[in-house]
Amino acid sequence: TLLHARGKTTAAQHVAARHLDHTFEKLVASSLPLVAASPLLDALRASPEPLALPDLARRLPLRLHRRGPLHFLRLFPRVFDLRPPLPLSLSLTAPAASLLAVASSPDAAARTLHRLLAMSTSRSVPLRAVFRVWRELALPDDFEDSVVAQHPHLFRLAPNPAEPRTHVLHLVADPAKEEFTPAVDKKRPEKYAFRLQFPPGFRLAKEYRKKVKEWQLLPYVGPYEVVDQKVGASKRVSKMARRKMEKRAVGIAHEFLSLTVEKMVEVEKFSQFRKWFGIDVNVRDVFLDHPGIFYLSAKGKRHTVFLREAYDRGKLVEPNDVSEARRKLVELMLLRRHGLGNANSNANMSSSANADAKESDDDLQELELY
């Protein structure tokens, strides 16, 4: 690492040793039910008619809860509408459907994709990688048709020669006409490259402050600037060159998070772009080694990274329509059955509200559908 040398530790030990920020930890915990249910919500949105539970179970690996998918659905009657007769059918409630329908316009989505591809050293990325982050980027769920196909002057899809039956999304726009200003430049503090917001209780030793200051003053290549790919490809790289490479990786990660709706993304999803962005350092270490810029949470058996400067006391500094819709959907799920009495009783859904309060987020499981 560049800011401080650590001993020989495993990745798990490195993550466990980070300084916890409970504001972000609570934010991650509140979103776990929505994360678990996202693929199921997508399937329901795509269907014009209610889906029968047996058919849905055949289509999706419904591993939503340790007590079974039906128990999970009963927990959230404000989002899922279960209807008799047997076999039960499932649809979205009107409020949930309305919130899920909020998305960026095709033009706004095209601008986001344009910036994403402009950060790639080859001005291209695998289509499957974009599919993994379409929610985070607020792309329409049919972005391949509504955005890519409708902007042939910007994008081109081509078969991936390295992986059969997959595609690569290419940027065909003229680089000379691009004038992208990285988000970090809009809020850049005087003299320094990045704005720093250390977590509460984080102690800055004198030596650490000195290293941070030196690192801040290092020159580096911005996320939209052309880089020499031969530098990163060489195994013998000077210490200064390695530090500049890490600083560029920080800049790319900062810009990527700035493009997302909620200024956060799972580390594993971002890692899919590492090679295409020309990042030759461990991205998880980048997030952990710069706690004044990023916060990495390991809650929910996944690593989620946040852009610190985008949040103030657990809320987005600059919310947007999509982020507000998702926040309201999270609130609907957090309410669970409270205040509804015996919700879904006509579908034989009797359950106690007291039992609901005892549910643990550890009981939730991610629905793996990518």
Side-chain angles (χ1 to χ4, degrees), residues 1-36 38 136 184 187 189 192 194-213 215-216 246 249-250 253-254 256-258 260-271 281-319 323 326-327 330-331 333-334 357-366:
T1 67
L2 303 182
L3 297 187
H4 57 282
R6 68 173 185 271
K8 295 181 179 180
T9 60
T10 65
Q13 289 172 330
H14 193 198
V15 173
R18 76 196 187 285
H19 186 95
L20 286 180
D21 190 323
H22 296 288
T23 300
F24 284 108
E25 293 296 319
K26 290 178 181 178
L27 195 60
V28 175
S30 66
S31 65
L32 287 180
L34 180 59
V35 172
S38 289
E136 286 81 355
V184 69
K187 300 180 180 179
Y192 296 131
F194 296 94
R195 181 180 174 188
L196 302 180
Q197 293 181 204
F198 290 99
F202 190 87
R203 295 182 180 180
L204 294 173
K206 184 177 180 180
E207 186 65 22
Y208 184 82
R209 287 177 183 271
K210 181 181 178 181
K211 290 184 178 181
V212 169
K213 184 176 180 179
W215 182 86
Q216 283 273 44
E246 183 185 3
V250 170
H254 185 289
F256 186 95
L257 286 167
S258 298
T260 64
V261 175
E262 298 172 285
K263 316 308 176 192
M264 66 176 181
V265 70
E266 289 180 32
V267 175
E268 186 269 336
K269 293 182 179 181
F270 175 73
S271 296
V281 294
N282 186 299
V283 293
R284 184 182 54 244
D285 288 348
V286 167
F287 299 138
L288 289 171
D289 292 343
H290 297 275
I293 303 172
F294 309 108
Y295 179 71
L296 188 142
S297 169
K299 204 169 190 65
K301 299 179 181 179
R302 62 176 58 78
H303 291 166
T304 305
V305 61
F306 292 83
L307 184 61
R308 278 195 173 278
E309 69 182 40
Y311 283 84
D312 180 30
R313 298 178 184 179
K315 295 183 179 180
L316 282 171
V317 176
E318 298 178 0
S323 68
R326 292 183 184 174
R327 180 183 62 79
V330 168
E331 290 177 352
M333 299 196 79
L334 289 177
K358 296 179 182 178
E359 290 292 340
S360 168
D361 288 326
D362 293 335
D363 293 334
L364 301 176
Q365 302 178 36
E366 183 177 5

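Quick note: numbers below take in every heavy atom, side chains included, and nothing from hydrogens, waters or symmetry partners. Just so you know, residue 1 is the first one in the sequence shown, and it goes up from there.
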Stepwise side chain to side chain contact (heavy atoms under 4.5 Å, CB included) test for I293 and L196: CA-CA 5 Å; I293 303 172; L196 302 180; 3.5 Å; yes
Looking at [atom1] of [X] and [atom2] of [Y], how far apart are the two atoms once the value is rounded to the nearest 0.5 Å?
{"X": "S31", "Y": "M264", "atom1": "OG", "atom2": "CE", "result": "5.0 Å"}
{"X": "L34", "Y": "M333", "atom1": "CG", "atom2": "CE", "result": "6.0 Å"}
{"X": "L296", "Y": "E266", "atom1": "CG", "atom2": "CD", "result": "11.0 Å"}

Any idea how F270 and F287 line up, ring-wise: parallel (<30°), tilted (30 to 60°), or perpendicular (>60°)? tilted
Evaluate the ring planes of F294 and H290, with Trp represented by its six-membered ring, and classify them as parallel (under 30°), tilted (30 to 60°) or perpendicular (over 60°). perpendicular
Closest non-hydrogen atom pair between [X] and [Y], with its separation:
{"X": "D289", "Y": "Y208", "result": "O-OH, 4.3 Å"}
{"X": "V261", "Y": "S323", "result": "CG1-N, 3.4 Å"}
{"X": "G300", "Y": "L32", "result": "CA-CD2, 3.9 Å"}
{"X": "V28", "Y": "S297", "result": "CG2-OG, 3.7 Å"}
{"X": "E136", "Y": "V265", "result": "CG-CG2, 4.0 Å"}
{"X": "S30", "Y": "V330", "result": "O-CG1, 3.4 Å"}

Is there a side-chain contact between L316 and R327 in this structure, where contact means two heavy atoms from C-beta onward sitting under 4.5 Å apart? no
Could you go step by step and tell me if E246 and V286 meet the side chain to side chain contact (heavy atoms under 4.5 Å, CB included) rule? CA-CA 7 Å; E246 183 185 3; V286 167; 4.3 Å; yes
Tabulate below the donor-acceptor pairs under 3.5 Å that side-chain atoms of residues 305-312 make, not counting sequence neighbours, or state none.
residue, atom, partner, partner atom, Å
R308, NE, Q197, O, 3.4
R308, NE, P291, O, 2.6
R308, NH1, D21, OD2, 3.0
R308, NH2, D21, OD2, 3.4
E309, OE1, H254, NE2, 3.4
E309, OE2, H254, NE2, 3.2
Y311, OH, E262, O, 2.4

Check the pair Y295 / L20 against side chain to side chain contact (heavy atoms under 4.5 Å, CB included), numbers first and verdict last. CA-CA 9 Å; Y295 179 71; L20 286 180; 3.5 Å; yes
Among residues at least two apart in sequence or on other chains, which ones pass side chain to side chain donor-acceptor pair (under 3.5 Å) with R326? none
